[in-house]
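Sequence lines set the chain letters: A, B, ... in the order given, protein chains first and strands last, and positions in each chain run from 1. Computation of the quantities below employed the complete heavy-atom set of this structure, encompassing side-chain atoms and omitting hydrogens, waters and symmetry-equivalent molecules.
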There are 2 protein chains.
Amino acid sequence: MPNLPPSSLPRTAPAVASERSGAVLPATSAAPAAATGASAALLSSTSSAESPSFSPLYRQIKGLIIARLQAGEWKAGESIPSELELAARFGVSQGTVRKAIDEMSAENLLVRRQGKGTFVATHAEQKQQYRFLRLMPDEGSESLGRQLLDCRRLRAPAAIARQLQLRTGDPMVEVRRLLHSKGEPVVLDDIWLPGQLFKGLSTELLNQHRGPFYGLFEAEFGVHMIRAQEKIRAVAADAETAALLQVEVGAPLLSVERLSFTYGDKPVELRRGLYNTASHFYRNELN
Amino acid sequence: MPNLPPSSLPRTAPAVASERSGAVLPATSAAPAAATGASAALLSSTSSAESPSFSPLYRQIKGLIIARLQAGEWKAGESIPSELELAARFGVSQGTVRKAIDEMSAENLLVRRQGKGTFVATHAEQKQQYRFLRLMPDEGSESLGRQLLDCRRLRAPAAIARQLQLRTGDPMVEVRRLLHSKGEPVVLDDIWLPGQLFKGLSTELLNQHRGPFYGLFEAEFGVHMIRAQEKIRAVAADAETAALLQVEVGAPLLSVERLSFTYGDKPVELRRGLYNTASHFYRNELN
DNA sequence: AAGTGGTCTAGACCACTCT
DNA sequence: GAGTGGTCTAGACCACTTG
């Protein structure tokens, strides 16, 4: 029951009383109280024209759930508490929790499974391996082979540090790898990660792991990539790249620069892929 | 009031009684009847394992609204009836209509405006001009200049006809144009349209029109592009393209092949853009 | 049978827009 | 003030999963 003191809450305040007293009580006793009135007190106020403006209850609940995810309370692939339990815990109705989870499900943060529960999204699943890889073969659908070329630690150059919101010279990990299709090299990836977050990352760890790197990052380092921005260009292959991808120097390649974010819009990976699009293409859906 | 004869409706049936008798009645009288029981009768039945399987009420409502859009009952930019009116018209609750509209809004078919109503999405608006164009300048944000190069009618070649689900030799319109940024050519577009749907399309019409082609297509031909698939590759400029885009022959260009769809997943435009990404990039968001 | 998410309804109140 | 979409609650029933 959101029974905060009815003091005039500014419209901007994320005013949900997180985990009030009887949080882990027998459950349902807390929720169905002076419902409508209470939540009204929670949300309404004079319309001061402040900047972050107004946040409805369900969005505040969403924020609380994200905070738990960020804190690692529920790990990738695990189930979170049921809607009814969350509703009791936060002192709101099931419908409000449902709307919060709806949004998070639409953003691929959570996955609902009817009859089973709601689960933390993961890159490690069979069904959606390579969630962020949009490269498709012109024909067929074989999976890609992986070949690790390099994994080293270094001091962050200015250009990379800036994008990852680090300081120049901060510790950083650099990974280089190839993806193959039918034995032919198709993608050359360079990956930069904050050294702080990926302390034990090594060639061995990367080599012994099956599946996408992002699954490893979740399991070993608790870092979830939930969103990414890509900048795509056409470039000409330089000598080194041409040799690795077995194309002519000057051949056109797709350059895909990806900045990946974890919870709280925090950038945690920069990746530059060079794709040979002779027999593959980058697929995009517009809405 | 969904009072169909309680004969056993198969689960697959889009069973909404569209526009029953008292459709345009004083409004609210139709809706709040033997609600729960009736809609239960509408949806439930024995679980026969049929193919298109089960469709909830709100999705059937969505289908009905899409059918109206397709029929041109409400045009691009116009408002559709209020949620309460639609609820009365279809004999369901406002909540069900709301959920249908929620989905359509998420798919950019409709746009909600609080206090004003719900509107048919359009490509002709200031706020989201060039909804499908993902090209961004490295710096600045000037809008792109347009230069029409050609507009002619022809018989569909096999490759293009297949993608537009036409027969080889069917009438077709081909348009070629350039987009400029700061006076420099950046994009060369070739566009193919079914001649059947775009009867009066001409150089004059295209030239006198302001804003994106998609806005013109909506206003003049009633064709709404609601979704598109793109295949992106890196290619080398041939002689003709190099001249038009003022680059060297062999220079790497982004090739963006776009197939656009209208209601009912019907393909109605094929477009091939060649982008000079020297000072622009293709922006994509991954979730 | 019990627990979970999914759908549907109903009603209250809020925020925004226009007249 | 009237009308619109936006939020929140409550309760019913359905579909799916697991023991």
Side-chain angles (χ1 to χ4, degrees), chain A residues 1-2 11 16 27-28 31-49 53-62 79-88 90-103 105 110-119, chain B residues 1-2 11 16 27-28 31-49 53-62 79-88 90-103 105 110-119:
Chain A
M1 57 195 147
R11 293 177 72 218
V16 166
T28 38
T36 301
S39 70
L42 233 177
L43 285 172
S44 73
S45 79
T46 57
S47 57
S48 55
S53 80
F54 161 81
S55 181
L57 233 199
Y58 74 87
R59 221 175 271 281
Q60 301 173 36
I61 300 295
K62 179 182 170 188
S79 74
I80 70 171
S82 75
E83 295 177 351
L84 275 172
E85 189 181 333
L86 288 171
F90 295 131
V92 300
S93 78
Q94 185 188 10
T96 300
V97 170
R98 170 170 287 277
K99 191 153 187 189
I101 293 180
D102 277 345
E103 278 202 357
S105 178
L110 298 174
V111 178
R112 317 180 92 133
R113 293 196 198 117
Q114 188 175 107
K116 299 179 73 173
T118 303
F119 298 78
Chain B
M1 52 191 154
R11 292 177 71 217
V16 166
T28 39
T36 300
S39 70
L42 234 176
L43 286 171
S44 72
S45 78
T46 58
S47 56
S48 55
S53 78
F54 162 81
S55 181
L57 234 199
Y58 75 87
R59 219 175 274 281
Q60 300 174 36
I61 300 295
K62 179 182 170 187
S79 73
I80 71 172
S82 75
E83 295 177 351
L84 274 172
E85 191 181 331
L86 287 172
F90 294 130
V92 299
S93 78
Q94 185 188 11
T96 300
V97 170
R98 168 170 289 277
K99 191 153 187 189
I101 293 180
D102 277 346
E103 277 202 358
S105 177
L110 298 175
V111 178
R112 317 181 94 134
R113 292 193 201 119
Q114 188 173 113
K116 299 178 74 173
T118 302
F119 298 78

Nearest of [options] to any side-chain atom of [X]?
X        : options              : answer
A:Lys116 : D:dT17, C:dC8, C:dT9 : D:dT17
B:Gln114 : C:dC8, D:dG5, D:dT7  : D:dG5
B:Ser82  : D:dG6, D:dT4, C:dT7  : D:dT4
A:Leu57  : C:dC8, D:dG5, D:dT9  : D:dT9
A:Thr118 : C:dG5, D:dG6, D:dC8  : C:dG5

- prompt: Does the pair B:Ile101 and B:Leu86 meet the rule for a side chain to side chain contact (heavy atoms under 4.5 Å, CB included), with working shown?
  reply: CA-CA 10 Å; B:Ile101 293 180; B:Leu86 287 172; 4.2 Å; yes
message: Both B:Glu83 and A:Val97 contact DNA chain D. Taking the nearest nucleotide for each, which residue is further toward the 5' end?
response: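 It is B:Glu83, whose closest nucleotide lies nearer the 5' terminus.
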Mind calculating the distance between [atom1] ([X]) and [atom2] ([N]) to the nearest angstrom?
X        : N      : atom1 : atom2 : value
A:Glu85  : C:dG5  : CD    : C1'   : 15 Å
B:Leu84  : D:dG3  : CG    : C1'   : 9 Å
A:Ile101 : D:dT7  : CD1   : P     : 17 Å
A:Leu86  : C:dT4  : CG    : P     : 11 Å
B:Arg112 : D:dG6  : CZ    : C1'   : 8 Å
B:Gln94  : C:dA12 : CD    : C1'   : 12 Å
B:Leu110 : D:dT4  : CG    : C1'   : 15 Å

- request: Return no unless some side-chain N or O of B:Lys99 is found under 4.0 Å from OP1 or OP2 of C:dC8.
  value: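 Checking B:Lys99 against C:dC8: no side-chain N or O falls below 4.0 Å of OP1 or OP2.
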task: Look at A:Arg113 and C:dT4 and indicate whether a side-chain polar atom (N or O) is within less than 4.0 Å of OP1 or OP2.
output: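 Looking at the OP1 and OP2 atoms of C:dT4, neither is under 4.0 Å from any side-chain N or O of A:Arg113.
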task: Before accepting this row, confirm whether a basic side-chain N of the pair B:Glu83/B:Arg112 lies closer than 4.0 Å to the acidic partner's carboxylate O.
output: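 A salt bridge is present here (some side-chain N lies under 4.0 Å from a carboxylate O).
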- request: Determine whether A:Val97 and A:Val92 make a side-chain contact, defined as any pair of heavy atoms from C-beta on separated by less than 4.5 Å.
  value: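 They are in side-chain contact.
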field: Side-chain donor/acceptor of B:Glu103 to backbone N/O of B:Arg59, under 3.5 Å
entry: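 It does not hold such a pair.
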query: Do A:Gln60 side-chain atoms and A:Ser55 backbone N/O form a donor-acceptor pair below 3.5 Å?
result: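 Yes, the answer is positive, given that a donor and an acceptor are paired below the 3.5 Å cut-off.
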task: Indicate, with a heavy-atom threshold strictly under 4.0 Å, whether A:Arg98 touches base, sugar-phosphate, or nothing.
output: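 Base contact - A:Arg98 has a heavy atom under 4.0 Å of at least one base atom.
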